[in-house]
Amino acid sequence: MADNVNIKINGIELSVPADYTVLEAARENGIDIPTLCYLKDISKTGSCRMCIVEIKGARALQAACVYPVSEGLEVMTNTKKVRDQRRVTLELLLSTHEKKCLSCIRNKSCELQSLSEELGVDSIEFEGDMNSFEIDDVSPSIVRDNNKCILCRRCVNMCKDVQTVAVIDTMQRGFNTRVGTAFEKALSDTACVNCGQCIVSCPTGALREKDNTQEIWDAIADDDKYVVVQTAPAVRAGLGEEFGFPIGTPVTGKMAAALRRLGFDKTFDTDTGADLTIMEEANELLERIQNGGKLPMITSCSPGWIKFCEHNFPDFLDNLSSCKSPHEMFGAVIKSYYAKKNNIDPKKIFVVSVMPCVAKKFEAGRPEMESDGLRDVDAVISTRELARMIKQAGIMFDRLPDEEFDVPFERASGAGVIFGATGGVMEAALRTAADTLGGKSVEEIEYNDVRGVEGIKEATVNMGGIDVKVAVAHGLGNARKLLNNIREGKADYHFIEIMACPGGCVNGGGQPIVPSRLKMDIDVRTERAKALYSEDRDSKIRKSHENPDMTLLYEDFFEKPGSHLAHELLHTTYKERGRF
């Protein structure tokens, strides 16, 4: 821990850690300094110049987000000079900004608007020359509108430094500076993995998800379609934020009630699909361990991670689990088993997935994700898009009763719920694998070594006399480190979980956007994960293989995990992709 130094902020003597910036020192002591480019632990560039302060002895105003504290430092954060300069800086940003704000309102995420209100900027003294950029909306997941970009570089730092995907960067100089891709290609023609972390980093709505809500409304209105909706575990941990609930509030019951009132024919829980994934994935892991299969086996539930692997680590494709992700598995089950049981023509079934992840939009369109010529999932919407639909329908979310999901498949295990947090897939798989290898029910089922937000976590778990070495990585930069260590012979595992998004699905690119200032005080990943772990603790069933719906599904339909029919409907393969 860093030693403390003594400084003064606005005349108040303070003792603060020596590794703090002025921005961090001020905030910890109750002083909020505005900023647009700063994103805790991700972007500290000082590029927007909104956080300028007066430093005694300095010749010019300084950016608080990058200026380090030192012994005897004296800072003034709210002088007339500082206030006037912040206002001029904001007006300069707005002078060349496309002020067509309706598309930003959808995400309620424009920090530029919030700052304008806060600083009292309701008119602009001067107008600058405007650049005009073509909107890039070719990607199935992400829309990029440079007309709203303020060059804060938060998306660039996220893509390059955290995710190490690096498909966007600043280019040109001066007035012509912009954020773009190599050779001006569309995002869909690059190695973009569709994770959407750029979206949740953007302060102005210059990046947003591809909106599929109208497609869902049209399907619901079509009497010839039987529209089934399923919701991923992490959605319940974030949806409430769109309706004023505190971060980390689970709203499972109200979510089920809202979906029913939107007009879906059936409302199911993707946690059931997660249980099914564990049945198949744990079986696959045990077969590889016992029969000399390719190790380490790596989870395949995160479509952003899968595309990253296809582009950057094709030598690990054989290590990927062949299991489809939970919502794709569940979609295949709905159009086969469920359709047959209820005498419904599977061609009339329209499956909608509500996901915390915009990469799921890309995944649903992959040619591998279909059975008997039918797409497993027909459309994907994000948590944010579901919130918009609820509001469009006039549903008062906070007043809804708590309701259950529809039968069948209304039961899911706690193991299925924790899929949404980093380490959750690993823990769920270990619960089932430990029982299978040991030949008995293991009572200690909480694997705390794979929980938490440390970038790479390792553990050794003894199951039936076998020491199984596991690792968990979240965020693609951490995935790159982990796989490079394996390539270089520095690490050796049996089983690895990788999630594309930092913190896992609870922090997915389709989750509610949290302002950067709030992220300075709250670890959103941890708070949302708590919601899932609380549901797991309260579950009567906490292991996937103990879910009666799984028992019935295999007895009635699949016969056993890894059966021929299971491989036909629930498993897939992946392919190497070039950089462009």
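The shown structure was predicted, so the numbers you read here are calculated from the model rather than taken from an experiment. The figures here come from the full heavy-atom set of this structure, side chains too, leaving out hydrogens, waters and symmetry mates.
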Enquirer: Does the side chain of K361 come within less than 4.5 Å of E363's, by heavy atoms?
Expert: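 No, too far: nothing below the 4.5 Å cut-off.
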Enquirer: Would E111 and S516 count as having a side-chain donor-acceptor pair, cut-off 3.5 Å?
Expert: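 A pair is found: one side chain offers a donor N or O, the other an acceptor, under 3.5 Å apart.
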Enquirer: Quick one: side-chain contact (heavy atoms from CB on, under 4.5 Å) partners of S114, sequence neighbours excluded?
Expert: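 Residues passing side-chain contact (heavy atoms from CB on, under 4.5 Å) with S114: none at all.
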Enquirer: Indicate whether the side chain of D218 and that of Q214 have a donor and an acceptor atom separated by less than 3.5 Å.
Expert: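 Q214 and D218 do have a side-chain donor-acceptor pair below 3.5 Å.
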Enquirer: Under 3.5 Å, is there a donor-acceptor pair linking the side chains of S413 and N547?
Expert: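 Checked: S413/N547 side chains show no N/O donor-acceptor pair below 3.5 Å.
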Enquirer: Any side-chain donor-acceptor pair under 3.5 Å between E28 and Y20?
Expert: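 A donor-acceptor contact under 3.5 Å links the two side chains.
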Enquirer: Which of these, T270, D271, I278, sits in a side-chain contact (heavy atoms from CB on, under 4.5 Å) with F419?
Expert: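 Filter result, single survivor: I278.
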Enquirer: I541 versus P548: any side-chain heavy-atom pair under 4.5 Å?
Expert: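 Side chain of I541 against side chain of P548, heavy atoms only: contact under 4.5 Å found.
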Enquirer: D406: what forms a side-chain hydrogen bond (donor to acceptor under 3.5 Å, both in side chains) with it, not counting sequence neighbours?
Expert: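 With neighbours one apart ignored, the set is R260.
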Enquirer: Could you tell me whether the side chains of T299 and E281 share a donor-acceptor contact shorter than 3.5 Å?
Expert: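 No, E281 and T299 have no side-chain donor paired with an acceptor closer than 3.5 Å.
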Enquirer: Run the salt-bridge test on D536 and R431 with the 4.0 Å N-O cut-off and return the result as yes or no.
Expert: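 Yes, charged N to carboxylate O under 4.0 Å.
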Enquirer: Check whether N478 reaches the backbone of A473 with its side chain - one donor and one acceptor, N or O, closer than 3.5 Å.
Expert: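 Between the backbone of A473 and the side chain of N478 there is no qualifying donor-acceptor contact (under 3.5 Å).
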Enquirer: Would you say the side chain of H97 lies within less than 4.5 Å of the side chain of I150, judging by non-hydrogen atoms?
Expert: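 Heavy-atom side-chain distance check passes, below 4.5 Å.
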Enquirer: Is any side-chain heavy atom of C198 closer than 4.5 Å to one of I142?
Expert: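 They are in contact (side-chain heavy atoms under 4.5 Å apart), so the answer is yes.
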Enquirer: Evaluate the side-chain proximity of F245 to D398: yes if any heavy-atom separation is below 4.5 Å, no if none is.
Expert: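 Yes. Closest side-chain heavy atoms under 4.5 Å.
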Enquirer: Is it the case that the side chain of E427 and the backbone of Y447 share a donor-acceptor pair, with hydrogens and angles ignored and the cut-off at 3.5 Å?
Expert: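 Checking the backbone N and O of Y447 against the side chain of E427, a donor-acceptor pair under 3.5 Å is found.
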Enquirer: Is a salt bridge present between D402 and K254, judged by a nitrogen-to-oxygen distance below 4.0 Å?
Expert: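 Salt bridge: yes.
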Enquirer: Flag the pair F268 / F405 as yes when their ring centroid distance falls below 6.0 Å, and as no otherwise.
Expert: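 No, the ring of F268 stays outside the 6.0 Å limit from the ring of F405, centre to centre.
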Enquirer: Would S353 and Q230 count as having a side-chain donor-acceptor pair, cut-off 3.5 Å?
Expert: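 A donor-acceptor contact under 3.5 Å links the two side chains.
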Enquirer: As an exercise, state the distance from CG of L39 to SG of C152, rounded to the nearest 0.5 Å.
Expert: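 If I round to the nearest 0.5 Å, the distance is 8.5 Å.
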Enquirer: Got K44 and Y38 here, is their nearest side-chain heavy-atom distance under 4.5 Å?
Expert: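 Contact flag for K44/Y38 side chains = yes.
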Enquirer: K335 versus S371: any side-chain heavy-atom pair under 4.5 Å?
Expert: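 Contact flag for K335/S371 side chains = no.
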Enquirer: Kindly determine whether K360 and E328 satisfy salt bridge (charged side-chain N to carboxylate O under 4.0 Å, His left out), including the steps that lead there.
Expert: CA-CA 9 Å; K360 296 289 185 184; E328 294 289 345; over 6 Å; no
Enquirer: As a test of understanding, state which of T383, D269, V251 forms a side-chain contact (heavy atoms from CB on, under 4.5 Å) with V235.
Expert: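 For V235, the side-chain contact (heavy atoms from CB on, under 4.5 Å) test succeeds with only one of T383, D269, V251, which is T383.
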Enquirer: May I have all residue pairs that pass salt bridge (Lys or Arg N to Asp or Glu O under 4.0 Å) and include part of residues 244-253, sequence neighbours excluded?
Expert: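 Output for this query is empty, none listed.
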Enquirer: In Å, rounded to the nearest 0.5 Å, how long is the span from CZ of R517 to CD1 of I522?
Expert: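 Taking CZ in R517 and CD1 in I522, the distance rounds to 14.5 Å.
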Enquirer: Between E404 and A256, which heavy-atom pair has the shortest distance, and what is it?
Expert: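 Nearest heavy atoms, E404 then A256: O-CB, 4.0 Å.
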Enquirer: Within the 4.5 Å heavy-atom criterion, are T267 and V228 side-chain neighbours or not?
Expert: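 No, side chains not in contact.
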Enquirer: So among R525, K457, R451, which one has a side-chain hydrogen bond (donor to acceptor under 3.5 Å, both in side chains) with T422?
Expert: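 Exactly one candidate clears the test, K457.
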Enquirer: Donor-acceptor pair, S534 side chain versus A531 backbone, under 3.5 Å?
Expert: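 Flag set: sc S534 to bb A531 pair under 3.5 Å.
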Enquirer: So does A257 get a backbone contact from the side chain of R261, meaning a donor-acceptor N/O pair under 3.5 Å?
Expert: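 A pair under 3.5 Å: yes.
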Enquirer: Should K543 and D275 count as an ion pair when the cut-off is N to O under 4.0 Å?
Expert: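 Looking at D275 together with K543, the answer is no, because their closest N to O distance does not fall below 4.0 Å.
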Enquirer: Determine yes or no for a side-chain-to-main-chain donor-acceptor pair under 3.5 angstrom, with T204 supplying the side chain and C149 the backbone.
Expert: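 Answer holds: no.
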